[in-house]
Amino acid sequence: MLNQSWWKILAVVLLMFTIFAGLLFPLKSGVLDVDPASVRTGDELTLTVTGYNSFYERGKDSMRIWLKLDNERALSARKIDVWDDRQLQAVFQIPEYLPVDRRVQEMDLVVDNAHDGAVVLPSAVFITQDSINPELGEQAWTNDPITNLHADRSVTFPFRNILYESIRNQYFHVPLWFAMIFLFLGSVVYSVRYLRGYRADDDQRAAALTRIGILFGILGLITGAIWAKFTWGAFWSWDVKQNMTAVALLIYFAYFVLRSAFEDPEKQARISAVYNIFAFVALIPLIYVIPRMTDSLHPGAGGNPAFSRDDLDNTMRMVFYPAVIGWTLLGYWVASLAYRYTRLQNRWLGLTD
Amino acid sequence: MVFLRSMQLVREIIHLFRKDLLLEFRSSYAISGILLYVFSTIFIIYTSFVDITTPVWNVLFWVIMLFTSINAIVKSFVQESNNRQLYYYVLANPTALILAKILYNILLLLLLSVLIWLSFSFVAGNPVLRTGQFLLAIFLGSVGFSITFTFVAAISAKADNNATLMAILSFPLIIPILMTLIKLSASAVGLIQDTGITKDILMLLAIDMILVAMTFILYPFLWRD
């Protein structure tokens, strides 16, 4: 199979799809910001809403806006003024008393129109009560239930505050890690094969796969650091996942130091095969167990990142799975080139025929 | 048949274990060297820190433990000449050889860690509130360190510049164990209120089991030259 070319073509097709679809599909429309973000009870609230990828002009006639208190109760805008596609103004009358016994109540903003579909900005507005009286609030509350929301039928990626456009990194950062693990796994398989048959070929394949696995790991780390800069505010924040990753890479750097410590190729191959298997097993608690037991900024503190319902929607899956397969196949392709390069080098040096 | 063979293995392990112990007592150079190493490290740490708070105590204990263990174990496979190693390989099963080494190193590290604890408490006070839990951490630590370092020592003994190789191979491998241990002992000295201690202990046991299994499988490929 390794000498056939169909899987290389598949890798190219899948990665082209990943890059084009991943970078070109627009984000779903969302709300970037509202102004003012806090208000007192009894006020008339004139809210300026700034949208992202939104088409307020086109959805003007079907535009409805709510401030949502909880799943049953919401307050709808009395007047909506669309300025342009990205900005509109909505006027709400905040009642004297709220039907809650909290001093400060947060409300979600829901914007719905036929063109963009329904958009939510969680905790958009904070309402401060002058005096708390839930019963009076209950009486004064005029409920406008949120009904008949429009669905967005276009092919889009989810809009997430904090993430914004960087959500596309999902098709690079995460699959690169997946591909790294698959490459290391392949390397272990060749190391085991080496120890069963002592063929120099298997050892060189294992070394090539490890080398490319490390490359993918470094790329995963860099894409992750860039993502972290955008979302967490720093390239490196000593998060447990970042640390464990760095350690994992150290383990594999040590693999190459170990290789270079031996002159005798047979001894080099045998001992590095042994270390490779041991290191892969030691890697499992490092990457898959400890980070899941500790609090972390990274998604997936209590489970698998990238597989929960919150992390991926169906459109993202459509690009994410091909990306994983594509990056893995590309990794194996590059590794096979690295292996052939080593073999040619050895032949040229007269080490093998 | 299987029973006989495993009896044979146990007997070999006991013999090799006794041999290591005897060598240690007769030469006494290695053990006294490592003891002096412990005392001077603690002395240096005490004179440079002066005031050692509980969090620092906790971390320093394990750092001393880490370096002492590496220094104690690195010699496992190099203190005896190559010819004598060859002689052992002819006589004994490689599995028995590595298991005896691991057991011997566990014993050594247990003694060393208790010693570090005592002498460290002597100069910097003893902040340990739950002694049982701390002893458990020491035990699990000795087992984990011993397995990992013995295996890495076996690898690095094959190369010439083995002290450097020992450090770069074993530090990354030991970090998961070390972090869990520091957490476990942090709760033993009362730094954190942790309810997930059983989880940590199980985790350490699981790591130890995996590493022992790997050593068991892989060492036969390592020893012959």
Side-chain angles (χ1 to χ4, degrees), chain A residues 188 191-198 202-203 214 217 238 240-264 266-295 302, chain B residues 94 98 144 147-148 150-152 154-184 192 194 196-200 202-225:
Chain A
V188 167
S191 284
V192 171
R193 273 180 53 165
Y194 177 80
L195 291 178
R196 292 170 70 95
Y198 296 109
D202 288 332
D203 172 59
I214 290 179
W238 299 105
V240 62
K241 289 203 179 159
Q242 292 177 320
N243 292 344
M244 291 298 143
T245 308
V247 173
L249 286 178
L250 280 183
I251 290 183
Y252 276 96
F253 286 141
Y255 172 78
F256 285 102
V257 177
L258 182 69
R259 282 187 81 85
S260 63
F262 297 101
E263 295 282 330
D264 175 20
E266 194 275 335
K267 201 170 167 185
Q268 178 196 56
R270 182 161 49 83
I271 289 168
S272 53
V274 167
Y275 177 77
N276 190 21
I277 299 169
F278 194 76
F280 186 78
V281 174
L283 199 67
I284 295 169
L286 205 63
I287 293 192
Y288 294 98
V289 185
I290 291 189
R292 280 163 183 59
M293 291 171 63
T294 323
D295 286 333
Chain B
I98 188 84
I147 298 166
T148 315
T150 309
F151 188 74
V152 173
I155 290 181
S156 57
K158 299 279 168 199
D160 299 330
N161 51 347
N162 67 74
T164 323
L165 211 52
M166 180 81 191
I168 56 172
L169 294 183
S170 53
F171 281 157
L173 286 174
I174 206 70
I175 284 176
I177 297 178
L178 191 67
M179 280 186 55
T180 323
L181 281 173
I182 289 180
K183 204 176 145 211
L184 199 60
I192 48 172
D194 194 358
I197 291 165
T198 353
K199 211 168 68 175
D200 287 338
L202 284 178
M203 163 107 157
L204 278 172
L205 282 175
I207 295 179
D208 288 352
M209 297 274 268
I210 293 175
L211 294 182
V212 143
M214 290 321 287
T215 311
F216 204 79
I217 296 167
L218 291 174
Y219 188 71
F221 294 101
L222 201 60
W223 64 274
R224 73 177 80 102
D225 259 325

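What's counted below: heavy atoms across the whole structure, side chains too, no hydrogens, waters or symmetry copies. Every chain is numbered from 1 and lettered A, B, ... according to where its sequence line falls, protein lines coming before strand lines.
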Item to check | Pair A:Met244-B:Met179, side chain to side chain contact (heavy atoms under 4.5 Å, CB included): steps then yes or no | outcome: CA-CA 11 Å; A:Met244 291 298 143; B:Met179 280 186 55; 2.9 Å; yes
Checklist entry - Does a side-chain heavy-atom distance below 4.5 Å link B:Thr215 with A:Phe278? => result yes
Next on the checklist: Which one wins on heavy-atom pair count under 4.5 Å against chain B: A:Leu249, A:Leu195, A:Asn243, A:Ile277?
Outcome noted: A:Leu195
Item to check | Side chain, backbone, both or neither of B:Ile207 within contact of chain A (heavy atoms, under 4.5 Å) | outcome: side chain
Next on the checklist: Using a 4.5 angstrom heavy-atom cutoff, name the option from A:Ala254, A:Ala248, A:Ala282 with the most pairs to chain B.
Outcome noted: A:Ala254
Checklist entry - Of all heavy-atom pairs between B:Leu173 and A:Ala279, which one has the smallest distance, and what is that distance? => result CD2-CA, 4.3 Å
Next on the checklist: Just so I know, are the side chains of B:Leu169 and A:Leu258 near enough to count as touching, which here means a heavy-atom distance under 4.5 Å?
Outcome noted: yes
Next on the checklist: Heavy-atom cut-off 4.5 Å, strictly under: side chain, backbone, both or neither for B:Tyr219 against chain A?
Outcome noted: neither
Checklist entry - More than 12 foreign heavy atoms under 6.0 Å from CZ of A:Phe256: is that the case here? => result yes
Checklist outcome for this item: So, the part of A:Tyr194 with a heavy atom under 4.5 Å from chain B: the answer is neither
Item to check | Under 3.5 Å donor-acceptor, A:Lys267 side chain and B:Ala159 backbone | outcome: no
Checklist entry - What part of A:Phe262 gets closer than 4.5 Å to chain B, counting heavy atoms only: side chain, backbone, both or neither? => result side chain
Item to check | B:Ile175 portion near chain A, given a 4.5 angstrom heavy-atom threshold | outcome: side chain
Checklist entry - Would a 4.5 Å heavy-atom cut-off, applied to side chains only, mark A:Tyr275 and B:Leu218 as touching? => result no
Item to check | From A:Ile251 atom CD1 to B:Ile168 atom CD1, the distance as rounded to the nearest 0.5 Å | outcome: 12.0 Å
